[in-house]
J.: 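Next up is a structure, given as structure tokens.
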Amino acid sequence: MSNRLELVANGDRGIIMTRIFDAPPHLVFDALTVPALLKRWLKGPDGWSLETCDIDLRVGGAYRYIWKNDDGTEMGMGGTYREIVRPERISQTEMFDGNWTGGEAISTATLEPFGDRTRLTTTVAYASPESRDGAIQSNMEAGITASYARLDTVLDDEQKEQAQ
């Protein structure tokens, strides 16, 4: 399996995204949950940065992300952690400010060893078929592909730093 993102529709409200990373599950888990690491790769399209990344990593704990564009435009989202099994699984709610996705979604990331790498499978259940279709049509696949390419670099840097 290559390190290419696979994104497929699942049922009438869901999507499944699968990607292999050249790092062990505990490092990928950290990259999904440690604010200093998230700010390095979860930037969004070119010109955007993750300015606010608050995480209370416990079941029932909240998280909040705010991205800012070079022109000053901001976009925020947040949610609550529903399940945390380090380094195997994270389930959380997701809601964008302004509710442009049509309601709260539930996202579950599953991390599995894949040889000496990690297979990350993220399932997202949207509030409605229209919400799911709108997300897919928003060019999310290109954005996630770009973010995961940055994550590859962060994971490589972290592994080199830990090897020293």
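Keep in mind it's a predicted model, so treat the numbers as computed, not measured.
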J.: Drop me the distance from Arg132's CZ to Gln137's CD, to the nearest 0.5 angstrom.
T.: 9.5 Å
J.: Could you pull out the closest heavy-atom pair between Thr122 and Ser107, with the gap in Å?
T.: CG2-OG, 3.6 Å
J.: For Tyr63 and Tyr65, take the angle between the two ring planes, folded into 0 to 90°, and tell me which bin it lands in: parallel under 30, tilted 30 to 60, perpendicular over 60.
T.: tilted
J.: Check residues 75-87 and write down every donor-acceptor pair under 3.5 Å in which the side-chain atom is one partner and the other belongs to a residue at least two apart or another chain.
T.:
unit_1	atom_1	unit_2	atom_2	d
Glu83	OE1	Arg89	NE	2.7
Glu83	OE2	Arg89	NE	3.3
Arg86	NH1	Asp30	OD1	2.7
Arg86	NH2	Asp30	OD1	2.9

J.: Answer with yes or no whether the hydrophobic clustering places Val59 together with Leu57; edges join I, L, V, M, F, W, Y residues whose side-chain heavy atoms lie under 4.5 Å apart.
T.: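 Not linked; separate clusters.
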J.: Should Thr121 and Ile16 count as side-chain neighbours, where that means a heavy-atom distance under 4.5 Å?
T.: yes
J.: Between Ile90 and Phe29, is the side-chain contact (heavy atoms from CB on, under 4.5 Å) condition met? List the steps.
T.: CA-CA 9 Å; Ile90 307 165; Phe29 186 92; 3.4 Å; yes
J.: Using the benzene-type ring in the case of Trp, are the ring centres of Phe114 and Phe21 under 6.0 Å apart?
T.: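 Ring-ring flag for Phe114/Phe21: false, centres at least 6.0 Å apart.
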J.: Test side-chain contact (heavy atoms from CB on, under 4.5 Å) on Val154 and Arg150 and set out the steps.
T.: CA-CA 6 Å; Val154 169; Arg150 283 194 223 74; 5.6 Å; no
J.: To the closest 0.5 Å, what do you measure between OG1 (Thr153) and OH (Tyr148)?
T.: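 Thr153 OG1 to Tyr148 OH: 15.0 Å, rounded to 0.5 Å.
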J.: Evaluate the side-chain proximity of Leu7 to Met140: yes if any heavy-atom separation is below 4.5 Å, no if none is.
T.: yes
J.: Only one of Leu111, Leu5, Thr18 clears side-chain contact (heavy atoms from CB on, under 4.5 Å) with Leu120; which?
T.: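 Of the listed options, the one satisfying the test is Leu111.
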J.: Going by heavy atoms in the side chains, are Gln162 and Leu27 under 4.5 Å from each other?
T.: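 SC-SC contact between Gln162 and Leu27 confirmed.
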J.: Is any side-chain heavy atom of Met17 less than 4.5 Å from a side-chain heavy atom of Val124?
T.: yes
J.: Using the side-chain contact (heavy atoms from CB on, under 4.5 Å) rule, take Asn3 and Arg117 through it: C-alpha gap first, then chi angles, then the decisive distance, then the call.
T.: CA-CA 10 Å; Asn3 290 17; Arg117 304 185 293 166; 3.0 Å; yes
J.: May I ask you to test the Asp152-Arg19 pair for a side-chain heavy-atom distance under 4.5 Å?
T.: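 Of all side-chain heavy-atom pairs linking Arg19 with Asp152, at least one is under 4.5 Å.
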J.: Under 3.5 Å, which donor-acceptor pairs do the side chains of residues 35-46 form with other protein atoms, sequence neighbours left out?
T.:
unit_1	atom_1	unit_2	atom_2	d
Lys39	NZ	Glu51	O	3.2
Arg40	NH1	Glu158	OE2	3.0
Trp41	NE1	Ala31	O	2.9

J.: Are side-chain heavy atoms of Leu155 and Val28 found at a separation under 4.5 Å?
T.: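 Touching, per the 4.5 Å side-chain cut-off.
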J.: Go through the steps for Tyr126 and Asp133 under the test side-chain contact (heavy atoms from CB on, under 4.5 Å), then give the verdict.
T.: CA-CA 9 Å; Tyr126 290 93; Asp133 294 347; over 6 Å; no
J.: Closest approach of Pro25 and Thr118, non-hydrogen atoms and distance?
T.: N-OG1, 2.8 Å
J.: Looking only at heavy atoms, what is the nearest atom pair of Gly102 and Ala127, with distance?
T.: O-CB, 3.4 Å
J.: Do Met95 and Ile15 sit in the same hydrophobic cluster, where Ile, Leu, Val, Met, Phe, Trp and Tyr count as joined when their side-chain heavy atoms come under 4.5 Å apart?
T.: no
J.: Take a 6.0 Å sphere around CD of Glu161 and say whether it holds more than 12 heavy atoms from other residues, nucleotides or ligands.
T.: no
J.: Please check: side-chain N/O of Ser138 versus main-chain N/O of Ala135, any donor-acceptor pairing under 3.5 Å?
T.: yes
J.: Might you work through the salt bridge (charged side-chain N to carboxylate O under 4.0 Å, His left out) test for Asp56 and Arg64, ending with a clear yes or no?
T.: CA-CA 9 Å; Asp56 179 7; Arg64 174 93 176 129; over 6 Å; no
J.: Nearest 0.5 angstrom please: Ile66 CD1 to Glu74 CD, how far?
T.: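 These two atoms lie 6.0 Å from each other.
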